[in-house]
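Written below as structure tokens is the structure these notes are about.
Chain identifiers are assigned alphabetically (A, B, ...) following the order of the sequence lines, protein sequences preceding nucleic acid strands; residue numbering begins at 1 within each chain.
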Amino acid sequence: MDWFPLLNSLRIAVISAVIVFFAGIAAAYYIAKLPRLIKGVLDVVLTLPLVLPPTVVGYLLLCLLGPRRPIGAWVLEVFGTRLTMQWWSAVFAVTVVVFPLMYRTARGAFESFDETLVQAGRTLGLSNTYIFWRIRMPCCRQGILAGAVLSFARAIGEYGATSMVAGYTPGRTATVATEVYQLWRIGDDALAMRWVAVNIAISAVVLLAVNLLERRRGR
Amino acid sequence: MLLVDIKKKPGEFQLDVSFETRGETLALLGASGCGKSMTLQCVAGIIRPDSGRIELNGRVLFDSKKHIDLAPQQRRVGYLFQQYALFPHMTAAQNIAAGARHLSKAERQETVARIVRQFHLEGLENRYPAQLSGGQQQRLALGRIFAGQPELLLLDEPFAALDSYLKWQLELELMDTLAAFGGDVVFVSHDRDEVCRLCDTVCVLTDGRSEPTVPVRQLMASPGTVSAALLSGCKNYSRARRLDEHTVRCTDWGVTLRTAAEVGPGITAVGVRAHHIVPGPGAENNIPCAVSRVIEDVFSTIVMLTTPGDGLLRLELDKEAWARLGQPEKLTVHVLPEQVMVLTGGAGCTT
């Protein structure tokens with residue numbers, strides 16, 4: 001069995017999850033401070049990929065990154081490389097699709113944080129630095145970690161946008177998800193079943209981690 | 001000694017509060033939304049008044065004219081939040097230690113041990129707040145405040161988060177704590193019973209405006225304003241007009257009453273406490289009424305009476321006393337002139 005699809009899936013998921021982790025937290029933290037109208041608009045825009053079909057996200061990405069499209073053409077001219085149909089093209093797709101998950105959970109964690117804890121800390125004479133790192137962050141940590149793990153799980157499972165932006169080239173852009181589709185298409189049920197089992201195992205472990213985090217959070 | 005004289009106008013609402021304490025426990029009494037918590041937050045430095053001055057034991061905490069606005073960290077003001085605001089990810093001991101961060105490590109440990117003893121938290125040091133009962137949480141929150149040795153204590157409805165059966169025990173404990181503290185205390189409440197038992201003086205807040213501070217007994221005996229009367233638990237009041245120095249026309253009740261207190265020109269209403277209405281005719285101040293409803297309360301009977309002017313009177317008596325009257329349809333009651341409270345001002349946000 002060629003393990004390339006697993007390796008590829010994992011590296012795409014790890015890179016995307018790291019990007020989404022920081023981008024999601026930063027977006028959640030700063031958007032919460034914006035005026036209500038701008039916040040509402042940005043919120044809709046940033047959450048849209050969660051509810052759009054991945055094929056629509058993939059199509060929109062191709063509209064931007066395709067070799068004859070504005071960004072894609074420019075990169076091709078300057079750097080001499082296509083932005084699509086590379087293994088790392090999938091990172092664009094996965095990042096956009098997974099971003100809302102991280103953004104939403106981080107925002108939920110920040111919003112459910114009880115501001116009176118900060119006020120109490122200040123009246124107790126605690127410095128603002130101490131309050132941020134030792135009170136606000138620990139109280140939101142469980143939620144943020146759960147969001148990160150959930151994002152990672154979703155990143156491994158992304159199929160639609162990935163297949164459009166990165167395509168399926170065995171040994172180059174194949175992921176677990178696109179591999180299963182390809183094997184089913186050519187009728188190799190035995191191998192397809194193995195990849196399905198691998199995928200389920202990874203996702204189950206990740207979800208178990210989410211549950212453990214959630215339980216600790218409820219303590 | 002605490003001096004507060006502040007104004008703040010966040011939107012429609014206007015806060016205009018002034019009071020002072022001299023080592024006693026002062027109650028800020030008012031209905032919800034009257035600006036009590038906002039006042040505490042201004043004193044603690046969590047929110048900033050638009051103008052005014054706050055002074056604690058000779059230190060200026062806030063002065064808009066001199067541009068002084070100390071950070072909460074510098075004010076040495078202990079604030080007991082309604083839900084206690086304990087740090088959920090820290091154990092009881094860590095919560096107390098957080099209140100004593102200004103001390104060295106050894107001193108801090110000593111303080112934690114002392115606070116644990118003082119607030120009866122032995123054996124709970126390693127528990128998280130969520131693993132403590134409501135009463136234990138309150139003791140921990142108070143202990144954490146005292147670990148920082150505050151000069152002033154602000155208590156925001158300390159019993160609001162508790163079941164009623166827990167309240168009494170904690171009230172007794174709080175009395176001891178306040179007595180041991182000895183400094184100024186501002187106690188926010190909407191419950192006149194609590195205020196009566198725990199506080200020395202009281203400042204009534206109506207729609208963000210404070211009335212002059214008075215001793216608690218005085219508030220109960222002669223509240224002065226309609227809103228103070230309502231907050232002091234007075235159930236009966238009627239709009240009123242001055243006829244002469246000791247006579248008022250009660251327009252809602254449709255009767256004329258004699259008062260022991262002198263009637264000033266500013267009178268707007270009179271109030272009579274439910275247990276000061278005496279069934280049966282008396283020498284004066286008789287009010288012929290019709291019985292409109294009889295409600296059985298836990299230990300007493302509440303009788304709603306319709307007055308000649310179609311106003312309502314609430315009469316409370318012992319169940320036996322009511323039974324002896326034999327379920328009358330009409331009932332004449334009277335009120336002693338000394339029990340008629342002469343009131344000024346509107347009802348404000350208490351209505």
Side-chain angles (χ1 to χ4, degrees), chain A residues 21 25 28-29 32-40 105-150 209-219, chain B residues 37-38 40-47 61 70-91 94-103 108 111 115 127-131 137 140-156 161:
Chain A
F21 178 78
I25 290 175
Y29 191 75
K33 296 178 175 177
L34 291 175
R36 188 173 299 174
L37 183 73
I38 305 172
K39 190 159 70 175
T105 32
R107 211 190 61 176
F110 286 139
E111 275 174 1
S112 65
F113 177 74
D114 181 3
E115 284 298 324
T116 59
L117 295 186
V118 169
Q119 297 168 0
R122 296 176 73 198
T123 59
L124 288 170
L126 300 175
S127 71
N128 290 336
T129 322
Y130 182 94
I131 291 170
F132 185 84
W133 291 108
R134 305 296 293 278
I135 295 170
R136 189 188 290 270
M137 278 301 136
C139 286
C140 297
R141 193 186 61 195
Q142 306 294 349
I144 288 172
L145 278 182
V149 179
L150 202 60
V210 175
N211 281 348
L212 287 176
L213 282 171
E214 296 269 318
R215 195 176 311 159
R216 279 186 54 196
R217 189 186 180 188
R219 183 181 63 194
Chain B
S37 292
M38 193 185 283
L40 287 196
Q41 288 173 329
C42 286
V43 174
I46 295 166
I47 54 177
L61 303 185
L70 292 191
Q73 284 92 335
Q74 299 166 296
R75 294 196 178 196
R76 299 183 62 108
V77 169
Y79 194 140
L80 183 70
F81 290 81
Q82 247 181 60
Q83 309 290 335
Y84 313 136
L86 294 166
F87 303 136
H89 59 296
M90 293 185 187
T91 61
Q94 288 168 334
N95 264 285
I96 298 170
R101 296 256 323 151
H102 58 288
L103 301 174
R108 208 184 303 162
T111 304
I115 294 287
R127 298 237 189 131
Y128 289 91
Q131 298 167 317
Q137 287 181 15
L140 175 57
L142 275 169
R144 184 176 70 171
I145 289 168
F146 277 93
Q149 296 178 313
E151 292 180 23
L152 168 72
L153 205 53
L154 306 175
L155 308 172
D156 192 355

Which heavy-atom pair separates A:Leu126 from B:Arg101 by the least distance, and what is that distance?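 Distance-wise, the nearest heavy atoms are CD2-CG, 3.2 Å.
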Please enumerate all residues that pass side chain to side chain donor-acceptor pair (under 3.5 Å) together with A:Thr116, with sequence neighbours excluded. A:Asp114
Taking the side chain as every heavy atom from C-beta outward, state whether A:Gln119 and B:Gln41 have any pair of such atoms under 4.5 Å apart.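 Yes, their side chains come closer than 4.5 Å.
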Sort [X] into side chain, backbone, both or neither according to what part of it lies under 4.5 angstrom from a heavy atom of chain A.
| X | value |
| --- | --- |
| B:Arg75 | neither |
| B:Leu154 | neither |
| B:Gln83 | neither |

Roughly how far, to the nearest 0.5 Å, is CG of B:Leu80 from OG1 of A:Thr123?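 It comes to 10.0 Å.
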Could you give the distance from CG (A:Leu117) to CZ (B:Phe81), rounded to the nearest 0.5 Å?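 Spacing of CG (A:Leu117) from CZ (B:Phe81) equals 9.0 Å.
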Residue pairs passing the salt bridge (Lys or Arg N to Asp or Glu O under 4.0 Å) test with at least one member in residues 115-130 of chain A, sequence neighbours excluded, are A:Glu115-A:Arg136
The single option from B:His102, B:Gln73, B:Arg144 passing side-chain contact (heavy atoms from CB on, under 4.5 Å) against A:Leu124: B:Arg144
Can you tell me if CZ on A:Arg107 sees more than 12 non-hydrogen neighbours from other groups inside 6.0 Å? yes
